[in-house]
Every structure is written in structure tokens, then in C-alpha cells.
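Please read the structure below before turning to the comments.
Every value quoted in this text rests on a predicted model; they were computed, and no experiment measured them. Nothing fancy with the numbering, it's 1 onward along the sequence.
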Amino acid sequence: MAEGLSAVAHFLYEAGTLKQARRTGWWMAGVRDPESVAEHSWRTALIATIIAKLEGADPARAAFLAVWHDTQETRAGDVNHLGKKYSAGAADPRVVTADQTAGMPEVLASAVRDLVDEYEAKESPEAVCARDADKLECLLQGIEYRAQGYEHAQRWIDNSRGRLVTATAIRLADELLGQNSLDWLRRALGEKEA
């Protein structure tokens, strides 16, 4: 067991690198200091719980999938869609996860591998919700960047909106698009929304 926990400890340090790993696609939109992969994954997990609950899926499972959906980027990097066009052997998340979990206690390693398999298969209701959460988080981040003056973020907003599949995610995207990114603060302070 001690050997397995050593591998777990190594992974926890490795996972911490996602706090510094930037989401590279935003550089193309001119964002100088884009969000980290960890920041993206955190809000994706929150969104996954919301979508899953409203879609009748298991919100805890959807959040669990969302938390792990980009962990492979510690080794493969955050390769944006243009970069993937030129990556002949794009890293399969399942293969990376198998390498990351090697040496961990099997009960943990198999659970993580199963999560990544489920997310990548795109078949379970929770995986569909988690994948929609990933796109919706990108849309939301794009709205926030656009509000900061990054007009080219509109491309990410439009592309993300077009890739949503659940009714809840689509309706929520439309609601987000109809609001100002600081309306929540105005409401909390009792001020008139913009």
C-alpha cells in the first residue's frame, strides 16, 4: 500500500501543475493571461452538477467526471483546436490516464481509468452533462473575456454555444448570453441590472 500511496502523492504534485497551465486557445483571442486548466476544471465541475441535476442525471457523477476531464493535460499540455490539427499522434486521454495511475492502488487506478473512459465514450447521461459543462464553461469564460475588451472571444462563445446538446445547457447558454457579467453583483447589492 505504501508504494501505491507514493504514486498517489506523485500524482497530486503533478495535478498541481494544472494551476499554472494556461488554456492556450485564449491566446489566439488576444487574452494575455488566460485562465488555468485548474480554474476551468473547477467551474466546469460546478456547471456539470447544475446541468445534471436539471437533466435528471447524477450531479455528483457528472461533477466527478468534470473534475478529471483535463487531468491528462499535465503531460499532454492544453493543445488548442488548431494545434490538434497538426498533432499527428494526439495523446489519447485514456493512455495518458493509464500512465498517470500506474503504481496507484488498483481500486483507485481503475476508478480513475473508468471515469476517463466514461467521459471519452460520451454515452452516459453524466458524461453528456459533463461535456456540455466543459463547453458552457468555455462560453461563460468567453463572455467574461469579451466584457474585458477581448472582442475575438466571440468566436469561442459562438463555437461553444453551437456544440451544446442538452436542453438545459442550451437554455442556460441563452440566459448567460442575455445577461451582463456583473448583473449578479448588482442584484446582490440591490441595484438595477444593466
How long is the straight-line distance from [atom2] of [Y] back to [atom1] of [X], given to the nearest 0.5 Å?
X: Leu115; Y: Ser110; atom1: CG; atom2: OG; answer: 10.0 Å
X: Leu46; Y: Ile51; atom1: CG; atom2: CD1; answer: 11.0 Å
X: Ile157; Y: Leu176; atom1: CD1; atom2: CG; answer: 10.5 Å

For the hydrophobic clusters of this structure (ILVMFWY residues joined by side-chain heavy atoms under 4.5 Å, transitively), does one cluster hold both [X] and [Y]?
X: Trp26; Y: Leu140; answer: no
X: Val8; Y: Tyr13; answer: no
X: Val67; Y: Val116; answer: no
X: Val107; Y: Phe11; answer: no
X: Leu177; Y: Ile170; answer: yes

Hey, are Glu39 and Lys19 close enough for a salt bridge, meaning a charged N less than 4.0 Å from a carboxylate O?
-> no
Is it true that Arg155 and Asp158 make a salt bridge, defined as a side-chain N closer than 4.0 Å to a carboxylate O?
-> no
With sequence neighbours left out, write down each residue that passes side-chain contact (heavy atoms from CB on, under 4.5 Å) with Gln148, or none if nothing qualifies.
-> Tyr145, Tyr150
Please identify each residue that fulfils side-chain contact (heavy atoms from CB on, under 4.5 Å) with Ala21, with sequence neighbours left out.
-> Leu18, Val37
Ser181-Glu144 side chain donor-acceptor pair, cut-off 3.5 Å = no
Starting from the C-alpha separation in whole Å, work towards a yes-or-no answer on side chain to side chain contact (heavy atoms under 4.5 Å, CB included) for Leu139 and Trp156.
-> CA-CA 6 Å; Leu139 177 141; Trp156 282 257; over 6 Å; no
The salt bridge (Lys or Arg N to Asp or Glu O under 4.0 Å) partner of Arg94 among Asp117, Asp114, Asp99 is Asp117
Report the C-alpha separation of Thr168 and Lys53 in whole Å, then their side-chain angles, then the decisive distance to 0.1 Å, and conclude whether the side chain to side chain contact (heavy atoms under 4.5 Å, CB included) test is met.
-> CA-CA 10 Å; Thr168 298; Lys53 186 65 177 177; over 6 Å; no
Name the atoms and distances for all side-chain donor-acceptor pairs under 3.5 Å in residues 125-137, with sequence neighbours left out.
residue	atom	partner	partner atom	Å
Glu126	OE2	Asp58	N	2.9
Arg131	NH1	Tyr119	O	3.0
Asp132	OD1	Val165	N	3.0
Asp132	OD2	Val165	N	3.2
Asp132	OD2	Thr166	N	2.7
Asp132	OD2	Thr166	OG1	2.6
Asp134	OD1	His40	NE2	2.6
Asp134	OD1	His69	NE2	3.2
Glu137	OE1	His40	ND1	2.5
Glu137	OE2	Arg43	NE	3.0
Glu137	OE2	Arg43	NH2	3.0

Nearest atoms (heavy-atom pairs only) where Ala173 meets Arg161 | CB-CD, 3.7 Å
Between Asp70 and Ser41 the two heavy atoms that sit nearest each other are CB-OG, 4.0 Å
Is a side-chain donor or acceptor of Arg23 paired with a backbone partner of Ser36 at a separation under 3.5 angstrom?
-> no
Expected output: side-chain Gln100 to main-chain Val95 donor-acceptor under 3.5 Å = no
Check whether any side-chain heavy atom of [X] lies under 4.5 Å from a side-chain heavy atom of [Y], and answer yes or no.
X: Glu106; Y: Arg113; result: yes
X: Met28; Y: His152; result: no
X: Trp68; Y: Val112; result: yes

Over 12 foreign heavy atoms within 6.0 Å of CH2, Trp27 | yes
